[in-house]
Structure formats: structure tokens, C-alpha cells
Trainee: 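Have a look at this one before I ask anything.
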Protein chains: 2
Amino acid sequence: MHTETEENYLKAIYHLSAKRAEPVNTSSIAGSLSTTSASVTDMLKKLAEKNLIEYERYRGVRITRKGEKIAINIVRKHRLWEVFLTQTLKFRWDEVHSMAEELEHVSSDELIKRLEEYLGFPRFDPHGDPIPDLTGKISAPSSLCLASGECEKRYTLTGVNDHSVSFLQYLERTGLKPGITVRILEIQEYDHSMLIELKNKIKLSISNDVAKNILVKNYGE
Amino acid sequence: MHTETEENYLKAIYHLSAKRAEPVNTSSIAGSLSTTSASVTDMLKKLAEKNLIEYERYRGVRITRKGEKIAINIVRKHRLWEVFLTQTLKFRWDEVHSMAEELEHVSSDELIKRLEEYLGFPRFDPHGDPIPDLTGKISAPSSLCLASGECEKRYTLTGVNDHSVSFLQYLERTGLKPGITVRILEIQEYDHSMLIELKNKIKLSISNDVAKNILVKNYGE
DNA sequence: TCATATTTTTAGACTAATCTAAATTATTTT
DNA sequence: AAAATAATTTAGATTAGTCTAAAAATATGA
């Protein structure tokens with residue numbers, strides 16, 4: 001197989017590719033892996049040699065089908081372990097990322113198949129991100145964000161755009177967990193902040209920045 | 001923390017120490033890790049530097065308290081993952097060792113605490129080996145082996161001495177899994193092989209070699 | 001005890017992944 | 001379009017873990 005490091009590079013490149021159509025550049029990879037551009041360059045040569053990426057000096061990188069398959073499998077493992085950690089071991093959703101980061105590399109495909117079955121074939125992880133199936137197919141995640149919601153309507157939280165621990169902990173503290181339902185009471189004209197009501201009648205004001213990072217579906221859908 | 005390699009060396013030294021009182025020699029460590037004596041010597045220096053072992057050139061190795069604590073924690077993780085794999089994911093007991101070998105290194109102590117709780121604080125792994133608790137305390141494993149059983153008596157299987165995949169698969173095929181009860185029908189004088197009866201009335205003849213590697217407790221105890 | 005065999009250690013080299021600093025290429029600005 | 005700036009790559013070194021082959025120490029045994 002591949003080394004853990006190679007897997008981490010492929011995963012980073014895969015995630016960065018998803019955000020933009022252009023090739024991924026060296027420094028953004030270095031940024032997301034907290035390493036230097038020089039180290040990235042070295043690794044890119046190695047990955048290109050193995051046909052896992054297409055790489056042209058000074059021109060950035062695209063992931064190949066072969067590389068993408070590996071990356072998606074890592075993402076699949078990561079997200080299934082996240083479900084296990086929250087659902088079975090009762091961790092909070094803001095605690096599981098770093099543990100899943102370790103577990104994603106160690107597990108045989110057979111182990112993951114059994115885990116998926118045990119968990120009941122979940123389609124989304126605790127942050128609302130879709131879990132690729134065995135063949136690499138990925139359901140469309142919710143694309144509706146709370147910021148584009150309308151007054152007086154109800155929405156069910158399904159996920160987040162910002163996966164940072166600080167954002168997740170903010171949501172956790174305010175009670176905005178995936179699965180809960182909110183109603184929009186008011187939207188302020190000047191800063192687009194909104195007043196929302198939770199199930200337990202608690203009212204909460206959230207900034208537009210926050211609302212843009214919360215994914216929802218229409219209540220009852 | 002320590003590298004995965006260091007952890008594997010400590011675990012190997014710990015297990016080899018358990019079998020004999022004398023210091024562990026270089027070549028037996030090399031043997032159990034499938035590496036060369038030269039590599040072992042290099043690593044022993046490093047571990048001694050960190051006070052995880054006591055090492056004197058040409059004289060072999062003893063594990064220190066500090067090193068033993070780490071080794072026991074790895075063993076604890078390994079055995080809890082084995083319980084998870086058999087109990088929760090329904091793997092056979094002869095399949096779980098190599099998966100647990102990977103999982104034992106990745107898991108944070110908090111994850112393992114939760115896993116232990118989820119599994120119901122099991123005291124033994126699927127092979128009958130005791131699971132160290134959080135403080136490193138280890139229950140005494142069964143020391144009675146089937147070979148020293150008496151005619152007409154019933155015994156419950158609790159574990160094995162030989163952990164090789166081939167032995168475990170032999171037991172699996174013949175139905176001799178931990179937890180089941182057997183009755184000794186006959187013991188042959190000349191080779192000490194024994195005829196035993198399983199719950200479902202199936203009669204089975206096993207060699208003394210096999211009987212010596214099966215751990216039991218008296219039925220009903 | 002002295003020679004032989006075995007075990008262990010050292011010496012020197014290799015690979016994977018990383019780094020800093022210097023050189024090169026690309027991009028932006030004037 | 002040349003100069004300045006930014007990004008990327010190369011060069012050379014480092015660390016962890018490993019190896020083979022040679023040297024040194026220990027154990028065996030006639």
C-alpha cells in the first residue's frame with residue numbers, strides 16, 4: 001500500500017481540488033499540511049512518479065483517477081470513524097476529528113465494511129459531510145445554508161461549512177447541533193444577523209458569518 | 001509520545017521478559033520483530049537512553065518500570081480492540097490479531113477508556129488473555145490446561161497458550177471456541193491424547209500437544 | 001585451556017520524510 | 001517591458017529506521 005504520509009498528501013490535494021477547478025498550488029498544500037513548500041515539491045515528484053497526480057513544475061497539481069480513488073477511500077474511513085466515535089462512544093462532534101485522523105490510516109477495508117454495516121450504513125458524518133460508499137460514490141450534501149433562509153420558516157440543521165474546532169464548539173455551546181430544528185424570527189437589514197428560536201423556545205441571535213457556515217434543509221423535507 | 005516502532009520494541013521485550021527471568025537477548029527480539037540483530041542493537045541504545053530499558057552491551061536487556069508501563073498500555077489497547085472486533089464487528093477470533101496490531105498504536109487513552117466502557121469492562125480478550133486496567137493491573141489468567149484435566153470431568157474453555165493463526169483456525173474449525181464446555185471421555189495411556197465430547201454430542205480426539213495449548217476452568221466455577 | 005562457533009556490536013550505506021537557504025521561474029507593478 | 005515581488009524548486013543536510021558485511025566479544029567443547 002501507500003505510506004500514511006502519501007495518503008495525507010492525496011487527501012489534502014483532493015480536498016483542495018474540490019474547492020476550485022484550477023490546479024492546486026504548492027503553497028496551499030504546504031499550508032494545509034503544516035509543512036514547507038520544499039517538502040511538498042519533493043513529495044509531488046514521488047506521487048507523480050506513481051501516477052497518483054499530474055504534476056508540472058511551477059504549474060501546480062491535479063489529482064488523477066487513481067489518486068482520487070485512494071483519497072476518497074481515506075475520506076470514507078475518516079467519516080465512518082467519526083460516526084462511530086459520536087454514535088457509539090458518545091464523543092461530542094467537536095472532539096472526533098483528530099482521532100478519526102489517526103484511525104483513517106490503520107483500518108483494513110474489511111474492517112471498514114463491517115464498521116459501516118454495524119453503524120447502519122450512515123450517509124453523513126456528524127458534521128453533515130457525505131460518506132462515500134464502497135465504490136466511491138458520494139451523495140450530494142445539503143447546499144442550502146441558513147443565511148439564505150426566510151423569516152418565519154423552520155429549518156433542520158444538517159451540517160457545517162466551517163469545520164474548525166472553535167466554530168463547532170461555539171455551535172455545541174449554543175445548542176446548534178445537527179438534527180435540531182430552528183425557526184427564523186427576524187432578519188436584521190443592516191448586518192444580516194438573524195434572531196432564531198430553538199425547539200426549547202430559547203431565542204438566539206447569530207451573525208451572518210455564522211449563518212453562512214450552517215447548512216440546513218427545509219423542516220419536514 | 002513514542003514512535004510506533006519504539007512501542008513495538010517495548011511490547012516485544014515485555015512479552016519476552018514474561019516468559020523467562022533472565023534478561024532478554026538481542027536475537028530473540030530480532031526474531032519476534034522479524035528484523036536483524038544489528039537493527040535491534042541500534043534501537044536498544046535509543047531505548048536505554050530514554051530509560052525505557054536497562055541495557056548492557058553483550059548482556060541483554062531488562063525492561064524498566066517506565067518502559068513496562070508503556071508496554072502494558074499497548075497490550076491493554078490491543079486486547080480491548082480485539083474484543084471490539086469480535087464482539088461488536090463479529091470477526092472470528094483468528095482474524096483479529098493483525099488488525100488490533102495496527103489499532104493499538106493509534107488510539108488516544110480517552111478513546112480507549114470509552115471503548116472499554118462501551119464493551120462492558122471485559123477482563124479477558126477473545127483468546128483468554130487478561131486485559132490490563134487503566135492503572136496497569138492485570139488479572140491472573142487461567143493456568144489450568146486441558147491436558148491436565150481428568151476423565152469424566154467437564155471443563156469450560158477460557159483461552160489458549162499458542163496464539164498462532166493456524167492453531168486458532170484449527171480450534172475454530174473443530175468448534176473449540178472459548179466459552180464452550182467439553183467433557184473428557186478417555187485419555188490414552190501411550191500418547192496422552194484424549195477423546196472429548198462437545199455440547200452437541202460431537203466426539204473429538206485431540207493430541208496432547210493440542211490439549212496443552214488449551215486453557216480451561218472447571219465447569220461451573 | 002585454546003580453538004571454534006555463535007552472538008552481538010560496529011561501521012558504513014540506504015530510504016523516506018523533513019528542513020533551511022539559495023537559485024530559479026512566474027507574477028505583478030510601475 | 002523592465003524591475004520588484006512572490007512562489008516554487010533545487011541543493012545539501014538531518015533524523016528515524018533499516019540493512020549487509022566486518023569486527024569484537026562471548027560461549028562451547030575437545
Trainee: Can you check the A:Leu33 CG to C:dT18 P distance for me, whole Å?
Mentor: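 Roughly 8 Å, once rounded to whole Å.
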
Trainee: So which nucleotide from D:dA24, C:dA26, C:dA17 ends up closest to the side chain of A:Met43?
Mentor: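 Of all the options, the side chain of A:Met43 is nearest to C:dA17.
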
Trainee: Return the value, rounded to whole Å, for the distance between atom NE2 of B:His105 and atom C1' of D:dG17.
Mentor: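 Rounding to the nearest Å, NE2 of B:His105 and C1' of D:dG17 are 15 Å apart.
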
Trainee: In whole angstrom, give the distance that lies between atom CD1 of B:Ile29 and atom C1' of D:dG17.
Mentor: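 Result: 16 Å.
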
Trainee: Side chain of A:Tyr55: nearest nucleotide among D:dA16, D:dT9, C:dA26?
Mentor: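 In terms of side-chain proximity for A:Tyr55, the closest of D:dA16, D:dT9, C:dA26 is D:dT9.
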
Trainee: Flag the pair A:Glu101 and A:Lys11 as a salt bridge only when some basic side-chain nitrogen lies within less than 4.0 angstrom of an acidic carboxylate oxygen.
Mentor: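 A salt bridge links A:Glu101 with A:Lys11.
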
Trainee: Rounded to the nearest angstrom, tell me the gap between atom CD in B:Glu6 and atom P in D:dT15.
Mentor: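 Answer to the nearest Å: 15 Å.
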
Trainee: For B:Thr36, which contact category applies under a 4.0 Å heavy-atom criterion: base, sugar-phosphate, or nothing?
Mentor: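 Base contact - B:Thr36 has a heavy atom under 4.0 Å of at least one base atom.
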
Trainee: Quick check for you: among C:dT9, D:dT18, D:dT8, whose closest atom lies nearest to any side-chain atom of B:Ser39?
Mentor: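 Shortest atom-to-atom distance from the side chain points to D:dT18.
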
Trainee: Tell me what B:Ser37 touches on the nucleic acid: a base, only sugar-phosphate, or nothing, going by heavy atoms under 4.0 Å.
Mentor: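 Result for B:Ser37 = base.
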
Trainee: Quick one: is C:dA17 close enough that its OP1 or OP2 comes under 4.0 Å of any side-chain N or O from A:Thr35?
Mentor: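 It does not, given that no N or O in the side chain of A:Thr35 lies less than 4.0 Å from OP1 or OP2 of C:dA17.
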
Trainee: Does a side-chain N-to-carboxylate-O contact under 4.0 Å join B:Arg123 and B:Asp133?
Mentor: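 The answer is no: the pair does not qualify as a salt bridge.
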
Trainee: Does the side chain of B:Asn25 get closer than 4.0 angstrom to OP1 or OP2 of C:dT8 through an N or O atom?
Mentor: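 For C:dT8, OP1/OP2 do have a side-chain N/O of B:Asn25 under 4.0 Å.
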
Trainee: Give the rounded distance in Å between these two atoms: NZ of B:Lys45 and C1' of C:dT8.
Mentor: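 Rounded to the whole Å, the gap is 11 Å.
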
Trainee: So if I apply the side chain to side chain contact (heavy atoms under 4.5 Å, CB included) rule between B:Cys145 and each of B:Asn213, B:Ile214, B:Leu215, which one comes out positive?
Mentor: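 So, applying the side chain to side chain contact (heavy atoms under 4.5 Å, CB included) to B:Cys145 and each of B:Asn213, B:Ile214, B:Leu215, only B:Leu215 qualifies.
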
Trainee: Could you check how far OH of B:Tyr58 sits from P of C:dT6, rounded to whole Å?
Mentor: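 In whole Å, C:dT6 P lies 17 Å from B:Tyr58 OH.
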
Trainee: Heavy atoms under 4.0 Å, any strand shown: does A:Ser27 hit a base, just sugar-phosphate, or nothing?
Mentor: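 Result for A:Ser27 = sugar-phosphate.
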
Trainee: Which nucleotide wins on minimum distance to the side chain of A:Ala38, given the candidates D:dT8, C:dT10, D:dA11?
Mentor: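 In terms of side-chain proximity for A:Ala38, the closest of D:dT8, C:dT10, D:dA11 is D:dA11.
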
Trainee: By nearest heavy atom, map A:Thr5 and B:Arg57 onto DNA chain C; which one lands nearer the 5' end?
Mentor: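 Nearest-nucleotide comparison on DNA chain C picks B:Arg57.
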
Trainee: Could you tell me the separation between the CD atom of B:Glu22 and the P atom of C:dT7, rounded to a whole number of Å?
Mentor: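 Taking atom P of C:dT7 as the reference, CD of B:Glu22 is at 15 Å.
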
Trainee: Tell me, please, whether A:Phe124 has A:Arg79 positioned over its six-membered ring: NZ or CZ under 6.0 Å from the ring centre and within 45 degrees of its axis?
Mentor: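 Negative - A:Arg79 is either too far from the ring of A:Phe124 or too far off its axis.
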
Trainee: Measuring to OP1 and OP2 of C:dA26, would you say a side-chain N or O of A:Arg59 lies under 4.0 angstrom away?
Mentor: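 A:Arg59 to C:dA26 OP1/OP2: side-chain N or O found under 4.0 Å.
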
Trainee: Measure the distance from NE2 on A:His2 to P on C:dA17 and round it to the nearest whole Å.
Mentor: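 Interatomic distance, NE2 of A:His2 to P of C:dA17: 12 Å.
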
Trainee: When all nucleic acid strands are considered with a 4.0 Å heavy-atom cut-off, which category describes B:Asp42: base, sugar-phosphate, or nothing?
Mentor: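 Result for B:Asp42 = base.
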
Trainee: Hey, mind stepping through A:Asp209 and A:Ser207 against side-chain hydrogen bond (donor to acceptor under 3.5 Å, both in side chains) and telling me if it holds?
Mentor: CA-CA 5 Å; A:Asp209 260 7; A:Ser207 71; 5.4 Å; no

